[in-house]
Amino acid sequence: MTENLFAHVRSWVLQDMSAAFPGLPTDVLAKIEVAPSRDAAHGDMATNAAMVAAKPAGKNPREIAALLVDALVKRAGIAKAEAAGPGFVNITLEAAFLLQQIPVILAAKEAYGQGTDKGQKINIEYVSANPTGPLHVGHCRGAVVGDALANLIAKAGYDVTKEYYINDAGAQVIALGRVVYFRYLQALGLADKADAYAASVPGGMQYGGAYLEPVGAAFAALHGTALVDKPESEWLDAARQFGVAKMLDLIRDDLAALRVYFDVFSSEDALVQSGGVTRGLAILEQAGLIYRGVLEPPKGKTPDDWEPREQLLFRATAYGDDVDRPVAKSDGSNTYFANDIAYHADKMRRGYRQMIDVWGADHGGYVKRMQAAVKALAGETPASLDIVLCQIVRVMKDGAPVRMSKRAGTFVELRDLIDEVGPDAVRFIMLMRKSDAQMEFDLNAAVAQTRDNPVFYVQYAHARARSVLRAAGEVTGLAQADLTSLAAPEELALIRKLISWPRMVDSAAEAREPHRIAFFLYELAGDFHALWNAGRDDAALRFIQAEKPVETKARLALVTATAMVIRSGLAVLGVQPVEEMR
RNA sequence: GCGCCCUUAGCUCAGAUGGAUAGAGCACGAGACUUCUAAUCUUGAGGCCGGUGGUUCGAAUCCACCAGGGCGCGCCA
């Protein structure tokens, strides 16, 4: 028994089509799909096979559909097949065949929907916020989307590594080190020296938030007055590393509050120190893709201080980018892009041929060049880099946007958001939107205990299911239950939804769109609530029927399977199921 | 000026890789409700899928152009 019933029926369609039309090219066969019917009047599934094959077979779609119908109705498990519309073949399964899936779900439990092991490694990198402060709301979407996407792809059968790239090289962490020193002087009670030092730093002190005060104090506890009045060369590295370590602790705590955990933290600084950048660029150099040249100014927007400069360039245009991209600054040091090339080269060196990066939309301009670099680095063995962009989140409260401004002091840290609505609501709501569309996060709706709140709606469905099972007490042998009594439209609709779960996992994983899982759960919850509500009008549809043990058992099997699929889906989203609503 | 993303009901958004009559929730209208499994339920109305052309059996989906919004555009990461 194939878990994915649609794939199972599709294999029948392919066999029957190939038998009827032996010459069909494989690319045509590949376009044949078997999908859930949108309308129950169209049966359980529909296939486009006849329409796809019309041209190569040289027949009109309805003729082909008629032939396919003749073949399909001979299959055990198919109750009815009929041609419809422009050439669809609608398939209605034998009730028994459909119902067989329930014991499959009961046996698989939360693992239902788990794809077969693809034997492929995928690296997914997300968050990767600079280690200069706590996470804010802007990071949150990437964290949730990346984490759910990683879970989803693992569910689809891939070997997934969750990775965080620490930007601990470059100007920002040097600035961090200086602030640590500034706070260190303050912690020692040397306010005058601290102010004098701050005034001496070109560009002034950054990261003014109070969160670095305890870091300075800890640094003072470690070094005492030993570093006072010493030049930067004697303390900057130590202050920087100390600050980065503390900030990473902070970030890890924030992520833990959101229930986001990583398999690997990868340090840019370590990569640079170990010669990674040289290694990465050498690959491109050997391929003849690095050259010295002068870029044209961007058309229509020449910067005031533009002057033609010769720099080291990567021939990104050879791989689909619009212009070649600099890998070295005019002073000879590497650009950020050079380090990113090196980082991706390092991932590939570690054996990943499939990579996914989750970025903020403000990095959208870097997608082409990074993908070009990966293609160039790949050489003979193909490698892919998918980039998922996350758009801005506007936080709304009482109908008005919550302004996020450091200066105004209304800067919303991730922790504030989690404290206000909880990790489950944050995660679920962040996943109710396609990641590359802007979204509004309504704080009021997120905590509402009503249908307005999708998190509540889904969790309530699970809690209701569990409540029925508690009320029913210990019932054994559900997997062997006689299910033939399950025939009400609401029951069948629910079963159809349950069996589409494995297919949903596959397609959402392939599209890299975890939000589809949130929508699936919302719909599944809706189907379950509909069945529950049907029992209000018609007592015969209630789950527990005192006088009818056989029907009750069948329904409890369905309820159990529903709860399992909801848990399976919530696990992908990283949302915890609840046993009861309080 | 160029590139990428977006534009679907009054509002917030889905739309399965090109399929059948474009869907949900909120808001709005009309009903139901002796807590039974009700932190409600049923039902109605609401649309030129930003616009114009094209591709084909078939387009919200793909292509071209246009309009509006967002992001970005050689020493910042």
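This is a predicted model, so every value here is computed, not measured. Labels below follow one simple rule: chain letters A, B, ... track the order of the sequence lines, proteins then strands, and each chain is numbered from 1. Just the heavy atoms: all of them, side chains too, but no hydrogens, waters or symmetry mates, feed the values below.
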Enquirer: For B:rC6 versus B:rC13, give the span between their P atoms, rounded off to a whole number of Å.
Expert: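 Result for the P pair: 14 Å, nearest Å.
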Enquirer: Show every donor-acceptor pair shorter than 3.5 Å between a side-chain atom in residues 517-530 of chain A and any protein atom, with sequence neighbours excluded, or say none if there are none.
Expert:
{"residue": "A:E523", "atom": "OE1", "partner": "A:K497", "partner atom": "NZ", "Å": "2.8"}
{"residue": "A:H529", "atom": "ND1", "partner": "A:R464", "partner atom": "NH1", "Å": "2.9"}
{"residue": "A:H529", "atom": "NE2", "partner": "A:Y457", "partner atom": "O", "Å": "3.1"}

Enquirer: Please map the stems of RNA chain B, keeping only stretches of three or more Watson-Crick or G-U wobble pairs with both distances under 3.5 angstrom.
Expert: B:1-7 with B:67-73, B:10-13 with B:23-26, B:28-32 with B:40-44, B:50-54 with B:62-66
Enquirer: Crowded around A:I392 CD1? As in, over 12 foreign heavy atoms under 6.0 Å?
Expert: no
Enquirer: From B:rA20, B:rC5, B:rA77, pick the nucleotide closest to the side chain of A:H42?
Expert: B:rA20
Enquirer: Could you tell me the separation between the CE atom of A:M581 and the P atom of B:rU40, rounded to a whole number of Å?
Expert: 10 Å
Enquirer: Above 12 or not: heavy atoms from other molecules or residues under 6.0 Å from CD of A:E310?
Expert: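 Counting other residues, nucleotides and ligands, CD of A:E310 exceeds 12 neighbours.
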Enquirer: Name the closest nucleotide to the A:A171 side chain, picking from B:rG72, B:rA77, B:rA39.
Expert: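 Nearest listed nucleotide: B:rA77.
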Enquirer: For B:rG46 and B:rA27, measure between their C1' atoms and round to the nearest Å.
Expert: 11 Å
Enquirer: I'd like the C1' distance from B:rG10 over to B:rG53, given in whole Å.
Expert: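 Result for the C1' pair: 31 Å, nearest Å.
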Enquirer: Please measure how far the C1' atom in B:rU40 lies from the corresponding atom in B:rA67, and state the result in whole Å.
Expert: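 Between the two C1' atoms, the distance is 45 Å.
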Enquirer: Taking the side chain as every heavy atom from C-beta outward, state whether A:R178 and A:L236 have any pair of such atoms under 4.5 Å apart.
Expert: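 A side-chain contact exists here, since the closest heavy-atom pair is under 4.5 Å.
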Enquirer: Can you figure out which of B:rU17, B:rA38, B:rC75 approaches the side chain of A:E510 most closely?
Expert: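 Side chain of A:E510 sits closest to B:rU17.
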Enquirer: Do the side chain of A:Y457 and the base of B:rA39 come within less than 3.5 angstrom through a donor-acceptor pair of N or O atoms?
Expert: no
Enquirer: Could you go through A:D357 and A:H363, starting from their C-alpha distance and side-chain angles, then the distance that decides it, and tell me whether this counts as side chain to side chain donor-acceptor pair (under 3.5 Å)?
Expert: CA-CA 11 Å; A:D357 290 1; A:H363 288 61; over 6 Å; no
Enquirer: Looking only at atom P, what distance separates B:rG29 and B:rG72, rounded to whole Å?
Expert: 43 Å
Enquirer: Between A:I290 and A:L281, which heavy-atom pair has the shortest distance, and what is it?
Expert: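 Smallest heavy-atom distance, with atoms named: CG1-O, 4.3 Å.
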Enquirer: Can you figure out which of B:rA16, B:rG74, B:rA39 approaches the side chain of A:Q449 most closely?
Expert: B:rA39
Enquirer: Could you tell me the separation between the CD1 atom of A:I544 and the P atom of B:rC36, rounded to a whole number of Å?
Expert: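 Rounding to the nearest Å, CD1 of A:I544 and P of B:rC36 are 15 Å apart.
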Enquirer: For nucleotides B:rA16 and B:rG1, find the distance between their P atoms and express it as a whole number of Å.
Expert: 33 Å
Enquirer: A:K55 has a side chain; which of B:rA20, B:rU56, B:rA39 sits nearest to it?
Expert: B:rU56
Enquirer: Are OP1 or OP2 of B:rA39 and a side-chain N or O of A:Y460 less than 4.0 angstrom apart?
Expert: yes
Enquirer: Of all the nucleotides listed (B:rG15, B:rG25, B:rC76), which has the minimum atom distance to the side chain of A:E513?
Expert: B:rG15
Enquirer: May I have the distance from A:I387 (atom CD1) to B:rC5 (atom P), rounded to whole angstrom?
Expert: 12 Å
Enquirer: Check whether any side-chain N or O of A:S266 sits under 3.5 Å from a backbone N or O of A:Y165 as a donor-acceptor pair, and report yes or no.
Expert: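 It does not hold such a pair.
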Enquirer: I want to verify a distance call: between B:rU17, B:rU37, B:rA77, whose nearest atom is closest to the A:K329 side chain?
Expert: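 Among B:rU17, B:rU37, B:rA77, the one nearest the side chain of A:K329 is B:rA77.
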Enquirer: I need the residues from residues 426-437 of chain A with at least one non-hydrogen atom less than 4.0 Å from RNA chain B; give them sorted by number, or say none.
Expert: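 Only A:R433, A:K434, A:D436 qualify.
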Enquirer: Identify which nucleotide among B:rA16, B:rA77, B:rA14 has an atom closest to any side-chain atom of A:S507, counting heavy atoms from C-beta outward.
Expert: B:rA16
Enquirer: Using the test side-chain hydrogen bond (donor to acceptor under 3.5 Å, both in side chains), find all partners of A:R503 that sit at least two apart in sequence or belong to another chain.
Expert: none
Enquirer: Out of B:rA20, B:rU12, B:rU37, which has the shortest distance to the side chain of A:E440?
Expert: B:rU12
Enquirer: Among B:rG72, B:rU56, B:rU17, which nucleotide has an atom closest to any side-chain atom of A:D362?
Expert: B:rG72
Enquirer: Any residue in residues 526-535 of chain A with a heavy atom nearer than 4.0 angstrom to RNA chain B? Just list them by number, or reply none.
Expert: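 Those residues whose heavy atoms fall under 4.0 Å from RNA chain B, taken from residues 526-535 of chain A in numerical order, are A:W532, A:N533.
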Enquirer: Please identify each residue that fulfils side-chain hydrogen bond (donor to acceptor under 3.5 Å, both in side chains) with A:Y291, with sequence neighbours left out.
Expert: A:D324
Enquirer: For nucleotides B:rA20 and B:rU61, find the distance between their C1' atoms and express it as a whole number of Å.
Expert: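 Between the two C1' atoms, the distance is 16 Å.
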Enquirer: Figure out the CZ/C1' separation between A:R536 and B:rC36, and round it to whole Å.
Expert: 10 Å
Enquirer: Taking the same atom, P, in B:rA24 and in B:rG44, what whole-Å distance lies between them?
Expert: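 Per the computed distance, 10 Å lies between those P atoms.
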Enquirer: Looking only at heavy atoms, what is the nearest atom pair of A:D269 and A:D168, with distance?
Expert: N-OD1, 2.6 Å
Enquirer: Tell me the closest heavy-atom pair linking A:L152 and A:V505, and the distance in Å.
Expert: CD1-O, 3.8 Å
